[in-house]
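Working notes, structure below.
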Amino acid sequence: MSVEAKVHKEILIEGNPQFSTITEKISRIVESKTTKVWLLLFGAAVSLLLVLLGSVGYLLWEGIDIWGNNIPSGWGFDIVNFVFWVGIGHAGTLISAILFLFRQRWRTSINRFAEAMTIFAVMCALLFPSIHVGRAWLLHWVMPIPNQMGLWPNFRSPLLWDAFAVGTYFACSLMFWYVGLIPDLATL
Amino acid sequence: MATRCFSPPDMVNPRVPTVTPPLDENAIANQISAGAIKKSASPLGTVEIVFQPSPAVFDGRYADNGWLQETPDPITKITWDNVAAISPATARELGIRNSDIVRLAHKGRTLEIAAWLVPGQPDGTITLDLGYGRRASGRVGNGVGFDVGPLRTLEGCDFITGATITATGRKYAISCAQDHGSMEGRPLVREATLEEYRREPKFAQEMVEHPPLKSLWDEHDYSQGYQWGLTVDLNTCIGCGVCTLACQSENNIPIVGKTQVAKGREMNWIRVDRYFSGEADDAQVMHQPVMCQHCENAPCEQVCPVAATVHDKEGLNVMVYNRCIGTRYCSNNCPYKVRRFNFFNYTKDTPEIVKMAMNPDVTVRSRGVMEKCTFCIQRINRAKNAANLENREVRDGEIVIACQQACPTQAIVFGNINDPASKVSQAKRQDRNYELLAELNTKPCLSYLARIRNPHSQLG
């Protein structure tokens, strides 16, 4: 018996559902009325987000003194956060990619989740180096886009390559996510 | 440098001894060789207290000067405070640690002050700096440090004996600009005795062995024009810290205050490192002024993503404040840790009249940018402009940078190292010449002249 045939026989979803029942089930999540529990949890999450926004506002207003860094410890919690969130992002990519490479057909149930985690984790990761610099409003100077000084960035700097690497990672993750999302978008 | 107690006219009394008898140097040398002076003569808990004018604020007359308040003490490196300096051995006996508040008492007078362990302080003695704890000094000096006046009497203006010392069990926050006194086996300050130097004249260069220094980057070309360089003679440096002050004045460097110094955010472009050598109970002190070394192969230049710190045609490592976005990567990569960052907008509240006191030739830096020693580039450019107008080269000695100008022992020499006849080139040809952390292949334009000690046979 070939591997293909064996895989086809395996029951991935119990209860023998039709395509329509699954479509119905998935669409109900987004199309039905939002439950109170969901709103409550969303409210809690948003209030935590407000803490972040307030802190970032204070940071931009006062200066990066509030990170508690000094000379010679120029980097601290900000860069720790960056590495932490990149790690979380890598976990999402790893889960999704490993399952894909091993051709696990049941991965479709979790790959959207894992890849979304990657994207949002990378966004969090990008946030921290952006707000740890002394003059965050000039951050675009690290990218090779035209600026008022007519100056290229310093291509010898590993930090520039960090920006490229994380940017590329974000773009690829977004595409990876989008490709998996196409059937869902079609359904909705 | 003992201070005298000036009695008010109506209190002049011939019975009060105001002049100490002349010192018998032979007797002291004999006592030292016999080990008598090193041992604590006083019973446990009693100490001799010595009063000295503060190296920063003298007798308190300069207490309202923020620059002086923030200048680290040459030995303790403490800013914005005075302490009870105590020897490590005595502190061990009494169970006193750094920053402990101790109560000093003498004939019913008491004083509570923070203790600080100072290697080299004679056992059984306490040194107190005058000039602190002022109540009517002004905006800066009020309430800074401890007023040691209550312990002084006309009997003993300079010192009192038989005072008691007890720990109170409380702590006090001290802002120390350098909390480490050991070189950890690395030859940062290189020194030798005169005999060693005569035996091994090139000891300074031979103290560190390293593989051949090859670089990935092209060498800078100095076949024409100037290449600025500097030497610091550690033989003559006395560690007073005047260079720090001169730099602060010349380069519009802000003071940041006690709390920020405690957080390691002092802004001085040139700092004087202090190291102790030998045993903790019988230490020698070494000083080393450290500013930007203007490396030819500068680690900071390679990592800045926005090219805000770059090399110029004259060998200077220059900082372009306008380009800086404040990643602080340069500071992280600097092995000398001489870069300073504007964590706040330190000049935000500067009154207009004080703004007019700033040096107009130097940019006042804003929040979020890195800064560091520029070799007083404004003075270099002024001299170059003057030379250009007269259609000649800049003469040796025409440029005097701020730290060099203020140095009381002329330890700092600046000039064009492209010119073999310049004073700085001559200094760099000396066998005592060495570069700090040269084994990292940074190729600094700044070098040090190693220190030679010639101690008295009975004292050494």
| Considering only heavy atoms, which portion of B/Arg339 lies under 4.5 Å from any heavy atom of chain A: side chain, backbone, both, or neither? | backbone

| task | Sort out for me which of B/Gly368, B/Gly264, B/Gly326, B/Pro305 touches chain A most, counting heavy-atom pairs under 4.5 Å. | result | B/Pro305

| request: Tell me, out of B/Ile325, B/Val306, B/Val303, who's got the most heavy-atom pairs with chain A below 4.5 Å. | output: B/Ile325

| query | For A/Gln18, does the CD atom sit with more than 12 other heavy atoms under 6.0 Å from it, leaving out its own atoms? | reply | no

| If you count the non-hydrogen atoms of other residues, nucleotides and ligands that lie under 6.0 Å from CH2 in B/Trp217, is the total more than 12? | yes

| Considering residues, nucleotides and ligands other than A/Phe155, do more than 12 of their heavy atoms fall under 6.0 Å from its CZ? | yes

| request: Please name the pair of heavy atoms, one in A/Ile64 and one in B/Arg328, separated by the smallest distance, quoted to 0.1 Å. | output: CD1-NH1, 2.7 Å

| query | Do you know which of B/Arg323, B/Glu266, B/Arg340, B/Lys337 has the most heavy-atom pairs with chain A at a distance under 4.5 angstrom? | reply | B/Arg323

| remark: Looking only at A/Asn147, A/Leu139, A/Asp78, A/Asn70, most heavy-atom pairs under 4.5 Å shared with chain B are made by A/Asn70

| note | The reported gap from CG in B/Asn322 to CG in A/Leu138 (rounded to nearest 0.5 angstrom) is 9.5 Å

| Which one, A/Leu60, A/Asp162, A/Leu160, A/Ile66, leads in non-hydrogen pairs under 4.5 Å with chain B? | A/Leu60

| Distance in Å, A/Asp65 CG paired with B/Arg367 CZ, rounded so as to fall on 0.5 Å steps | 10.0 Å

| task | Select one option (side chain, backbone, both, neither) describing which atoms of B/Thr327 are under 4.5 Å from chain A's heavy atoms. | result | both

| Which heavy-atom pair separates A/Ile71 from B/Ser331 by the least distance, and what is that distance? | CD1-OG, 3.4 Å

| query | Which atoms form the tightest heavy-atom contact between B/Asn332 and A/Gly74, and what is the distance? | reply | OD1-N, 3.4 Å

| field | Which atom of A/Ser157 lies closest to which atom of B/Cys304, heavy atoms considered | value | CB-O, 3.5 Å

| field | Side chain to side chain, A/Asn69 and B/Phe341, heavy atoms closer than 4.5 Å | value | no

| field | Donor-acceptor contact below 3.5 Å, side chain A/Arg135 vs main chain B/Val369 | value | no

| When you look at A/Trp75 and B/Tyr329, which way does the ring-ring contact (aromatic ring centres under 6.0 Å, His included) test go after all the steps? | CA-CA 8 Å; A/Trp75 296 349; B/Tyr329 204 165; 4.9 Å; yes

| said: More than 12 heavy atoms of other residues, nucleotides or ligands under 6.0 Å from CD of B/Glu219: yes or no? | reply: no

| request: Please look at A/Trp137 and chain B and tell me whether the side chain, the backbone, both or neither of the residue comes under 4.5 angstrom of a heavy atom of that chain. | output: side chain

